[in-house]
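Written out below as structure tokens is the structure these notes cover.
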Amino acid sequence: IYNEGAFNNNVGGIIKSDRSSSFGIYNLLGTFNNGAIINVGGIANVGNYAIQNNALFNNNAGGDIKMDRVSTSGISLESSTFTNLGKVTIGEMLPISNLLTAISGTFSNNLGGILFGTGIIPASNFTNAGGTLSPGYSPGKMTFTTSSDFTNSTISMEAFSSGGIGGTNFDLMVITGTATLGVSTNLNLKFSYAIECNTTFDMITATSVSGTIPTGNISF
């Protein structure tokens with residue numbers, strides 16, 4: 001799909017893209033609005049990127065985008081904005097090292113938006129705007145390349161065994177730089193086993209941490 005105007009995938013719509021050479025969807029000009037299902041690379045390879053975005057891409061409430069079988073990244077940003085108010089899952093069927101790559105542009109994870117993935121996010125091109133981050137599918141590991149501000153986000157983490165390795169036995173977020181937390185940061189924890197006293201997990205690791213998550217913002 002090569003868009004140079006206005007493209008709307010409305011409620012009830014289903015888009016499937018496979019067997020392309022460079023990308024599943026190329027949004028070059030105009031606006032791409034999605035409010036339904038998009039499945040890129042669900043059956044066969046689609047090349048370098050599931051979505052190459054050079055304009056405005058809106059994954060609206062009710063939008064459900066799944067991306068697999070790409071060689072470079074799920075979404076490529078170039079002088080563009082990708083807004084997410086729905087659900088985006090990258091690399092669930094087969095691992096994708098880079099969830100996002102960017103020359104310039106922004107992925108804005110807005111209120112109601114959920115990003116699932118195991119891989120690398122260029123933090124300077126990612127904006128936490130009230131949405132949810134969920135490493136893995138699960139479990140999994142989400143890595144931010146530079147300092148990241150999580151004061152306006154929800155972090156959803158799961159653990160499947162006592163102790164073990166982050167990204168394998170429990171979800172893990174790694175920030176290369178400062179992780180900024182605050183009164184608007186929410187942490188949702190889910191344990192798939194009976195928790196023992198004094199069990200600890202390093203689910204969020206960073207070079208340094210600024211701020212804290214209020215205990216009232218932590219749910220189980």
Side-chain angles (χ1 to χ4, degrees), residues 1-109 113-122 125-126 131-143 145 158 167-168 171-172:
I1 296 176
Y2 190 96
N3 181 48
E4 290 190 10
F7 190 101
N8 298 307
N9 185 36
N10 296 327
V11 176
I14 299 175
I15 294 174
K16 296 182 180 181
S17 179
D18 292 283
R19 299 183 178 87
S20 55
S21 58
S22 297
F23 43 77
I25 296 174
Y26 191 177
N27 186 37
L28 179 62
L29 297 170
T31 303
F32 195 115
N33 292 304
N34 178 56
I37 294 173
I38 296 177
N39 192 339
V40 181
I43 297 175
N45 293 337
V46 293
N48 294 323
Y49 313 107
I51 297 176
Q52 167 76 47
N53 188 43
N54 289 48
L56 177 60
F57 195 114
N58 297 314
N59 187 41
N60 296 317
D64 187 354
I65 304 176
K66 295 182 179 180
M67 311 175 206
D68 288 284
R69 296 184 173 88
V70 296
S71 59
T72 303
S73 69
I75 300 173
S76 173
L77 300 169
E78 185 172 344
S79 301
S80 62
T81 299
F82 190 110
T83 63
N84 180 41
L85 293 92
K87 184 178 178 181
V88 174
T89 306
I90 304 176
E92 182 176 14
M93 299 174 69
L94 290 172
I96 298 174
S97 298
N98 296 296
L99 303 181
L100 310 175
T101 53
I103 295 175
S104 60
T106 302
F107 184 107
S108 182
N109 199 32
I114 305 174
L115 176 63
F116 295 89
T118 289
I120 298 170
I121 293 175
N125 301 97
F126 188 92
T132 297
L133 296 168
S134 183
Y137 316 102
S138 270
K141 177 182 176 181
M142 190 177 284
T143 302
T145 56
E158 297 181 64
T168 301
D171 287 338
L172 176 65

- [ ] Return yes if a side-chain donor-acceptor contact under 3.5 Å exists between Ser104 and Ser79, otherwise no.
- [x] yes

With rounding to the nearest 0.5 Å, note down the distance linking [atom1] in [X] to [atom2] in [Y].
X: Phe32; Y: Leu56; atom1: CZ; atom2: CG; value: 11.5 Å
X: Asp171; Y: Ser134; atom1: CG; atom2: OG; value: 6.0 Å
X: Asn125; Y: Thr101; atom1: CG; atom2: OG1; value: 9.0 Å
X: Thr143; Y: Leu172; atom1: OG1; atom2: CG; value: 7.0 Å
X: Asn34; Y: Asn60; atom1: CG; atom2: CG; value: 7.5 Å
X: Leu100; Y: Ile121; atom1: CG; atom2: CD1; value: 5.5 Å

Task: Close side-chain approach of Thr145 and Ile120, heavy atoms under 4.5 Å - done: yes

Open item on the list: Would you say that Ile37 contacts Lys16 through its side chain, given a criterion of any heavy-atom pair below 4.5 Å between the two side chains?
Closed with: no

Please answer whether the main-chain N or O of [Y] pairs with a side-chain N or O of [X] as donor and acceptor at a distance below 3.5 Å.
X: Asn53; Y: Thr81; value: yes
X: Ser138; Y: Glu158; value: no
X: Asn58; Y: Asn33; value: no
X: Asn109; Y: Thr132; value: yes
X: Ser73; Y: Ile75; value: yes
X: Asp68; Y: Met93; value: yes

Shortest non-hydrogen contact from [X] toward [Y]:
X: Gly13; Y: Ala36; answer: O-CB, 3.0 Å
X: Ser80; Y: Ala55; answer: CB-O, 3.0 Å
X: Arg69; Y: Ile96; answer: N-CD1, 4.4 Å
X: Val40; Y: Ile25; answer: CG2-CD1, 4.3 Å
X: Pro139; Y: Thr168; answer: CG-O, 3.0 Å

- [ ] Hey, can you tell me if Tyr26 and Tyr2 have their rings parallel, tilted or perpendicular (30° and 60° cut-offs)?
- [x] perpendicular

Task: Option among Leu77, Leu133, Thr106 that satisfies the side-chain contact (heavy atoms from CB on, under 4.5 Å) test with Phe126 - done: Leu133

Review item, side-chain donor-acceptor pairs of residues 42-52, under 3.5 Å, at least two apart:
| residue | atom | partner | partner atom | Å |
| --- | --- | --- | --- | --- |
| Asn48 | OD1 | Ser71 | OG | 3.1 |
| Gln52 | OE1 | Ser76 | OG | 3.3 |
| Gln52 | NE2 | Asn54 | OD1 | 2.8 |

